[in-house]
Novice: 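Sending over a structure as structure tokens; questions will come in a sec.
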Amino acid sequence: MYDGGGVDPRVEALRAAVARLHRELAGYRADLPDRGIAEEAIVALAAELTLGVPETEQLSRSLLVIVGALGSVSALGAALTDVRRAVELFGGAPFAED
């Protein structure tokens with residue numbers, strides 16, 4: 001566990017990954033039936049990260065919602081993988097390695 005001063009680098013990595021996914025989703029103009037669900041989950045996750053180190057269980061739930069909504073969109077695959085890898089920094093990988 002991180003015990004240094006300042007912001008936990010895992011939180012910073014996850015913030016950056018979530019921000020990238022949010023930007024890329026906003027730029028993806030195709031109609032997505034679950035776009036609203038994904039956007040809500042991304043915004044909620046970003047808000048949670050402002051409070052410090054989130055709970056691993058909550059991170060896994062958020063990631064599952066986002067993957068369920070966007071997992072089939074290949075154009076967002078790299079950004080989604082970055083979020084998954086950043087979540088895994090907190091322990092308890094919810095998915096097998098690609």
Novice: Not counting sequence neighbours, which residues clear side-chain hydrogen bond (donor to acceptor under 3.5 Å, both in side chains) with E57? List them please.
Specialist: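 side-chain hydrogen bond (donor to acceptor under 3.5 Å, both in side chains) list for E57, sorted by chain: R61.
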Novice: What heavy-atom pair brings D34 and G68 nearest, and what distance separates the two atoms?
Specialist: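 Minimum heavy-atom contact is OD2-O, 4.3 Å.
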Novice: Quick one: are L14 and L89 in side-chain contact, heavy atoms under 4.5 Å?
Specialist: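 A side-chain contact under 4.5 Å is absent here.
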Novice: Any non-hydrogen side-chain atom of I66 less than 4.5 Å from a side-chain atom of L80?
Specialist: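 Yes, side chains in contact.
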Novice: Please list all pairs passing the side chain to side chain donor-acceptor pair (under 3.5 Å) test where one or both residues lie in residues 21-33, with sequence neighbours left out.
Specialist: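 Counting only pairs at least two positions apart or across chains, the side chain to side chain donor-acceptor pair (under 3.5 Å) contacts touching residues 21-33 are R20-E24.
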Novice: What closest approach, in Å, do T56 and F90 show between heavy atoms, and which atom pair accounts for it?
Specialist: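 Distance-wise, the nearest heavy atoms are OG1-O, 3.4 Å.
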Novice: How many angstroms lie between atom CZ of R35 and atom CG of L25, to the nearest 0.5 angstrom?
Specialist: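 So the gap between those two atoms works out to 5.0 Å.
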Novice: In Å and rounded to the nearest 0.5 Å, what is the CG to OG1 distance from L21 to T81?
Specialist: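 Answer for the CG-OG1 pair, L21 versus T81, is 10.0 Å.
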Novice: Do V65 and V73 belong to the same hydrophobic cluster, where Ile, Leu, Val, Met, Phe, Trp and Tyr are linked whenever their side-chain heavy atoms lie under 4.5 Å apart, directly or via other members?
Specialist: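 No, it is not one cluster - the side chains of V65 and V73 are not joined through contacts under 4.5 Å.
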Novice: Any Lys/Arg nitrogen of R15 or E12 sitting under 4.0 Å from an Asp/Glu carboxylate oxygen of the other?
Specialist: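 A salt bridge is present here (some side-chain N lies under 4.0 Å from a carboxylate O).
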Novice: Could you give the side-chain donor-acceptor pairs of residues 36-51 under 3.5 Å, partners two or more places apart or in another chain?
Specialist:
from: T50; atom 1: OG1; to: A47; atom 2: O; distance (Å): 2.5

Novice: Rounded at 0.5 Å granularity, tell me how far CZ in R84 sits from OG in S60.
Specialist: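 Atom-to-atom, R84:CZ and S60:OG are 12.0 Å apart.
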